[in-house]
S.K.: 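Below is a structure I'd like to ask you about.
Quick note: numbers below take in every heavy atom, side chains included, and nothing from hydrogens, waters or symmetry partners. Below, read A as the first sequence line, B as the second, and so on, with proteins coming before strands; counting in each chain starts at 1.
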There are 2 protein chains.
Amino acid sequence: MTPILHALEHEKSKLSQMERRLAERILASPGEIVHMGITELAEQCGISAATITRFCKVFHFKGFPDFKVKLAAEIAHGDAAPQDGGSSYQDIMAGNPLSVIVEAMQANHLASIRDTTSLLDIGRLEQTVDLLCRARRVDLYGMATSSIVAQDFYQKLIRIGVNCTAFADSHMQITSASSLSEGDVAFAISYSGETPETIDALLCAKNSGASTISLTSYGSSSLASLSGISLFSSSLEKGMRRGDMASRIAQLHVIDILFTGMVSRRFGDYIPKLEQSYRNVRQFRHKRGGTE
Amino acid sequence: MTPILHALEHEKSKLSQMERRLAERILASPGEIVHMGITELAEQCGISAATITRFCKVFHFKGFPDFKVKLAAEIAHGDAAPQDGGSSYQDIMAGNPLSVIVEAMQANHLASIRDTTSLLDIGRLEQTVDLLCRARRVDLYGMATSSIVAQDFYQKLIRIGVNCTAFADSHMQITSASSLSEGDVAFAISYSGETPETIDALLCAKNSGASTISLTSYGSSSLASLSGISLFSSSLEKGMRRGDMASRIAQLHVIDILFTGMVSRRFGDYIPKLEQSYRNVRQFRHKRGGTE
DNA sequence: ATAAAATAAAGAAAATTATTTTCATGACTA
DNA sequence: TAGTCATGAAAATAATTTTCTTTATTTTAT
């Protein structure tokens with residue numbers, strides 16, 4: 001199932017009555033929805049158009065048309081792409097031979113990258129790249145698995161001379177967040193979007209006047225709601241226990257896009273720094289001569 | 001090419017000037033179009049919105065929104081699509097619009113995962129899983145980008161109670177390697193396979209009697225040659241400057257396979273520990289209650 | 001060959017339609 | 001009993017489509 005539909009299914013229980021009715025209608029025949037206007041859909045569900053718009057915002061779409069386009073892209077995925085096991089996530093069970101695991105893992109990771117790409121909102125990416133390029137200082141927040149992603153981004157950013165930090169320690173995150181100010185950027189990464197430490201840090205950064213960006217798995221989450229720009233990677237089905245594997249790869253995929261976007265935008269500034277950083281590492285090593 | 005885009009390409013010559021300009025804009029980056037309003041697109045092409053609507057009708061769509069939804073569905077089909085085996089890596093250039101970067105990045109990452117999977121040697125993977133499951137102690141070595149991968153593996157391994165370390169500091173790596181002995185495993189990760197610090201650490205581990213495993217980009221490298229088991233991720237074409245992006249994702253892909261292989265093999269031992277580790281994190285958080 | 005008529009292309013403005021926001025109401029909750 | 005929440009109605013806004021007009025191009029009749 002596609003991330004959007006999956007998210008609907010998953011969050012259905014948390015929705016209000018009318019919203020649930022809408023969710024059910026969408027799940028019943030997603031293919032129809034994409035060719036409908038908001039009014040038509042509202043009538044069919046016996047609800048108001050306003051509710052539909054609100055519903056779309058809950059799921060972080062810009063509005064109903066945006067929802068339609070993204071949904072259309074995803075359902076298209078679903079019934080195509082059978083060349084690598086389809087884009088559905090495979091659960092990995094006990095006692096499977098390694099060859100099965102390899103296949104399943106490949107299917108998962110491929111699906112996760114594809115799904116993430118189709119969820120991406122170019123406009124938001126642009127904004128994010130913009131903020132990051134301009135930022136006086138960038139704070140990266142993430143715990144556990146997400147701290148890996150944060151550190152990865154950190155390594156990239158310092159190579160192009162962006163003033164940034166990535167603390168794995170939650171106290172340091174807060175401390176750093178408190179000292180941000182306008183023109184700074186706080187970037188929070190979380191698989192669930194509910195990691196308290198990360199939420200706290202982002203809130204703190206927001207209060208300090210920094211721009212806030214989140215990268216979470218798709219679906220409504222606290223972190224996404226309270227951040228200025230919310231970016232998403234694809235989420236996995238419930239049954240899949242270790243969803244953070246694919247998620248982490250999907251998040252790195254987004255990070256790579258952001259970073260490349262930055263470099264591409266400010267080629268002249270960044271590339272020399274990047275080259276220099278590579279050169280310095282090599283040079284230093286040669287000088288040292290492998291001893292020590 | 002998708003039917004819609006193909007049709008545009010084909011009929012382009014028969015269209016009028018302004019319509020051709022529009023068709024070209026759409027063909028240039030179809031992915032962007034679906035997220036645009038008619039007005040925005042009109043401006044970008046220097047034509048009027050009316051022309052766009054007319055254009056859509058020529059191609060038998062109900063209107064522009066209808067066109068967008070259909071196009072979105074179609075490019076979703078096509079965007080992955082290197083099932084022809086031609087999994088070629090795209091170079092990412094300066095000044096590219098983000099939509100192009102997104103597509104290129106997706107192509108790269110998908111290709112890199114596919115290629116890596118096909119390079120994998122199941123036998124070696126089995127051996128590796130075996131060694132890791134039995135190991136008294138596991139050392140993970142990796143510098144810079146590869147240290148991210150090492151830390152990721154570290155986080156996974158400690159969750160299932162494997163006694164392991166992942167130092168980013170090269171002195172600590174050596175120190176730790178020196179204290180290994182038979183029955184221990186040293187796992188070295190490096191994109192180039194030539195990182196001196198990592199090579200030193202692995203050599204040291206080998207001298208101490210530990211089993212040695214390397215994970216590098218495909219090709220002959222010092223690290224691969226001197227390790228007991230050498231695993232490979234896909235290597236990129238020369239032209240691609242920042243190959244470490246895709247490489248890192250490919251390496252994580254391998255790590256995921258190894259880890260899942262371990263869990264799958266010793267399901268009874270590992271799963272309870274894994275569950276416990278998740279539970280503890282949650283529980284601890286609740287106790288704390290979000291204060292502090 | 002040239003002027004008038006016809007046709008086609010394209011934009012501007014008007015009309016329409018779709019979507020979003022605001023506001024008011026009633027229902028449920030603490 | 002105040003307060004929050006869900007919801008729809010209506011107002012506001014935005015997007016799209018249609019109509020109308022202009023301009024350029026081609027055709028045709030002289």
S.K.: So, are Lys12(A) and Glu9(A) salt-bridged, with charged N and O less than 4.0 Å apart?
M.R.: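 Salt bridge between Lys12(A) and Glu9(A), a charged N being under 4.0 Å from a carboxylate O: yes.
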S.K.: What is the separation between atom CD1 on Ile52(B) and atom P on dA12(C), rounded to the nearest whole Å?
M.R.: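 Rounded to whole Å, this separation is 13 Å.
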S.K.: Nucleotide range of DNA chain D contacted by chain A, 5' to 3', under 4.0 Å to a heavy atom?
M.R.: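 First-to-last contact on DNA chain D, by the 4.0 Å heavy-atom rule, is dA6(D) to dA9(D).
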S.K.: In chain order, what residues pass the ring pair (Phe, Tyr, Trp, His ring centres under 6.0 Å) check against Phe187(A), with sequence neighbours excluded?
M.R.: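 Partners of Phe187(A) by the ring pair (Phe, Tyr, Trp, His ring centres under 6.0 Å) criterion, ordered by chain and then number, come out as Phe153(A).
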S.K.: Ile38(A): what forms a side chain to side chain contact (heavy atoms under 4.5 Å, CB included) with it, not counting sequence neighbours?
M.R.: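 Per chain and number, Ile38(A) pairs via side chain to side chain contact (heavy atoms under 4.5 Å, CB included) with Ala49(A), Ile52(A), Thr53(A), Phe64(A).
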S.K.: If you look only at pairs with a residue in residues 37-59 of chain B, which of them pass as a salt bridge (charged side-chain N to carboxylate O under 4.0 Å, His left out), with sequence neighbours excluded?
M.R.: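 Output for this query is empty, none listed.
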S.K.: May I have the distance from Leu15(B) (atom CG) to dA10(C) (atom C1'), rounded to whole angstrom?
M.R.: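 After rounding, the reported distance stands at 14 Å.
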S.K.: What is the separation between atom CZ on Phe55(B) and atom P on dG11(C), rounded to the nearest whole Å?
M.R.: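 Spelled out: CZ on Phe55(B) to P on dG11(C) is 14 Å.
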S.K.: When the distance from CE of Met18(B) to P of dA8(C) is rounded to whole Å, what number comes out?
M.R.: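 It works out to 18 Å between those atoms.
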S.K.: Output all residues satisfying salt bridge (Lys or Arg N to Asp or Glu O under 4.0 Å) with Arg136(A), sequence neighbours left out; order by chain, then residue number.
M.R.: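 Partners of Arg136(A) under the salt bridge (Lys or Arg N to Asp or Glu O under 4.0 Å) test: Asp184(A).
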S.K.: Under a 4.0 Å heavy-atom cut-off, which of residues 28-49 of chain B touch DNA chain C?
M.R.: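 Under 4.0 Å from DNA chain C: Gly46(B), Ile47(B), Ser48(B).
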S.K.: With Phe55(A), which residues qualify under ring pair (Phe, Tyr, Trp, His ring centres under 6.0 Å), at least two apart?
M.R.: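 Scan of Phe55(A) (ring pair (Phe, Tyr, Trp, His ring centres under 6.0 Å), adjacent residues dropped) gives Phe59(A).
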S.K.: Could you go over nucleotides 23-30 of chain C and give all protein N or O partners under 3.5 Å, atom names and distances?
M.R.:
none

S.K.: Quick one: list whatever passes salt bridge (Lys or Arg N to Asp or Glu O under 4.0 Å) with Asp256(A), sequence neighbours left out.
M.R.: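 Per chain and number, Asp256(A) pairs via salt bridge (Lys or Arg N to Asp or Glu O under 4.0 Å) with Lys156(A), Arg248(B).
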S.K.: Pick from Ser190(A), Ser222(A), Ser170(A): which one makes a side-chain hydrogen bond (donor to acceptor under 3.5 Å, both in side chains) with Thr195(A)?
M.R.: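 Result for side-chain hydrogen bond (donor to acceptor under 3.5 Å, both in side chains) with Thr195(A): Ser190(A).
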S.K.: Using the test ring pair (Phe, Tyr, Trp, His ring centres under 6.0 Å), find all partners of Phe61(B) that sit at least two apart in sequence or belong to another chain.
M.R.: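 Partners of Phe61(B) by the ring pair (Phe, Tyr, Trp, His ring centres under 6.0 Å) criterion, ordered by chain and then number, come out as Phe67(B).
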S.K.: Figure out the CZ/P separation between Phe61(A) and dT20(C), and round it to whole Å.
M.R.: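 Phe61(A) atom CZ is separated from dT20(C) atom P by 13 Å.
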S.K.: Using a 4.0 Å heavy-atom cut-off across all strands, classify Thr53(A) as base, sugar-phosphate, or nothing.
M.R.: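 Base: the residue Thr53(A), judged by heavy atoms under 4.0 Å, touches a nucleobase.
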S.K.: Just to verify, what does Ser29(A) make a side chain to side chain contact (heavy atoms under 4.5 Å, CB included) with, not counting sequence neighbours?
M.R.: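 Applying side chain to side chain contact (heavy atoms under 4.5 Å, CB included) to Ser29(A) gives Arg25(A), Glu32(A).
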S.K.: With Arg134(A), which residues qualify under side chain to side chain contact (heavy atoms under 4.5 Å, CB included), at least two apart?
M.R.: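 Once residues adjacent in sequence are excluded, the partners of Arg134(A) under the side chain to side chain contact (heavy atoms under 4.5 Å, CB included) criterion are Asp130(A).
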